[in-house]
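Okay, structure first, notes after.
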Amino acid sequence: MATISATSSATVGASLKLCFQNSKVAGGTLTTLKMVRVGWANNVFPTLRTSRFNVCCAQAKPETVQKVCEIVKKQLALSDETELTPESKFAALGADSLDTVEIVMSLEEEFGINVEEESSQNITTVQEAADLIEKLVQTTPEA
């Protein structure tokens, strides 16, 4: 995991730390943001009781991303030559709102999860779908 740190304590008393993770995927290496950590001096935000907070990004497994790509290709009747990336937007692939609902239903069936309507409306890319699946799979109790 690579880490990039930037500190600007002189101007705002804050520091920013970004952690990236490299994953091997078909066709090369995918670099994704794994964690963001921001800290600040006690006098910068006096109303906050803590001097540090973390923003953690869900990190889907490469095999989950690949499975989502396969399902999206099938649902949208895309050719095998169509290359999908985690950043591929459903709308850019020609999906309308009904197509997106059908994609979510297929994902629910494939992974044995239940996606709330509110969450499904926020899924616009392959990565967002894969991240939500990972989150739901981890929180779903096994039968």
Side-chain angles (χ1 to χ4, degrees), residues 1-41 44-45 47-143:
M1 182 179 337
T3 302
I4 297 174
S5 296
T7 304
S8 58
S9 55
T11 55
V12 295
S15 65
L16 174 66
K17 180 179 180 182
L18 304 174
C19 298
F20 295 88
Q21 180 176 15
N22 292 329
S23 303
K24 294 289 184 191
V25 294
T29 301
L30 174 68
T31 301
T32 54
L33 180 63
K34 182 142 177 108
M35 180 180 65
V36 177
R37 176 174 283 158
V38 179
W40 54 83
V44 175
F45 299 105
T47 59
L48 298 174
R49 294 175 189 232
T50 181
S51 63
R52 171 174 278 201
F53 72 96
N54 286 327
V55 177
C56 293
C57 304
Q59 186 63 41
K61 298 175 190 169
E63 54 269 16
T64 303
V65 173
Q66 185 62 36
K67 190 65 177 173
V68 171
C69 288
E70 291 170 12
I71 290 170
V72 169
K73 279 185 178 183
K74 180 180 176 187
Q75 286 299 129
L76 299 179
L78 300 174
S79 69
D80 289 337
E81 292 80 36
T82 303
E83 188 172 326
L84 296 182
T85 66
E87 294 79 27
S88 295
K89 293 186 177 287
F90 298 154
L93 297 169
D96 59 18
S97 58
L98 181 57
D99 291 323
T100 303
V101 169
E102 290 176 352
I103 290 169
V104 171
M105 289 172 57
S106 294
L107 294 172
E108 287 177 326
E109 186 176 318
E110 177 67 31
F111 291 95
I113 57 173
N114 185 22
V115 178
E116 298 294 325
E117 184 177 343
E118 185 176 295
S119 296
S120 68
Q121 293 173 351
N122 295 325
I123 300 173
T124 60
T125 67
V126 169
Q127 187 68 52
E128 289 170 358
D131 290 344
L132 180 61
I133 289 166
E134 288 292 325
K135 178 182 169 190
L136 292 173
V137 166
Q138 290 174 1
T139 61
T140 302
E142 299 210 11

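Values in this document were obtained by computation on a predicted structure and should not be read as measured data. Hydrogens, waters and symmetry mates play no part in the numbers below; they use all other heavy atoms, side chains included.
- Few gaps surround CD on E63; more than 12 heavy atoms of other groups in view lie less than 6.0 Å from it.
- The two residues E108 and N114 make their nearest non-hydrogen contact at OE2-OD1, 3.4 Å.
- With no hydrogens or angles considered, a side-chain donor-acceptor pair links Q75 and S106 at under 3.5 Å.
- Distance check: I113 CD1 to E134 CD gives 9.5 Å after rounding to the nearest 0.5 Å.
- One distance of note links CG of L107 with CG of L136; it measures 10.5 Å at 0.5 Å rounding.
- With rounding to the nearest 0.5 angstrom, the NZ atom of K74 is 8.5 Å from the CD atom of E110.
- Here the closest non-hydrogen pair linking G94 and D99 is O-OD2, 3.8 Å.
- A pairwise comparison of heavy atoms in I123 and A129 identifies CG2-CB, 3.7 Å as the closest pair.
- Judged by distance alone, the side chain of D131 and the main-chain N or O of E128 form no donor-acceptor pair under 3.5 Å.
- S88 places no side-chain N or O within donor-acceptor distance of the main-chain N or O of L84, the cut-off being under 3.5 Å.
- Every residue was checked against the side chain to side chain donor-acceptor pair (under 3.5 Å) condition with S119, not counting sequence neighbours, and none meets it.
- Summarising the geometry, atom CD1 belonging to I133 is positioned 13.0 Å from atom NZ belonging to K135; distances are rounded to the nearest 0.5 Å.
- Ion pair K67/E70 flagged as a salt bridge, since at least one NZ, NE, NH1 or NH2 atom sits closer than 4.0 Å to an Asp/Glu carboxylate oxygen.
- Put simply, CG on L93 and OG1 on T82 are 8.0 Å apart, with the number rounded to the nearest 0.5 Å.
- Atom CD1 of residue I71 and atom CD of residue Q66 lie 11.0 Å apart, to the nearest 0.5 angstrom.
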### Message
Show, in sequence, the C-alpha distance, side-chain angles and deciding distance for V126 and F90, and conclude whether the side-chain contact (heavy atoms from CB on, under 4.5 Å) test is met.
### Response
CA-CA 8 Å; V126 169; F90 298 154; 4.1 Å; yes
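- In this structure, T125 and E87 have side chains that are not in contact, with every pair of non-hydrogen atoms separated by 4.5 Å or more.
- Partners of T100 under the side chain to side chain donor-acceptor pair (under 3.5 Å) rule, at least two apart in sequence or in another chain, do not exist in this structure.
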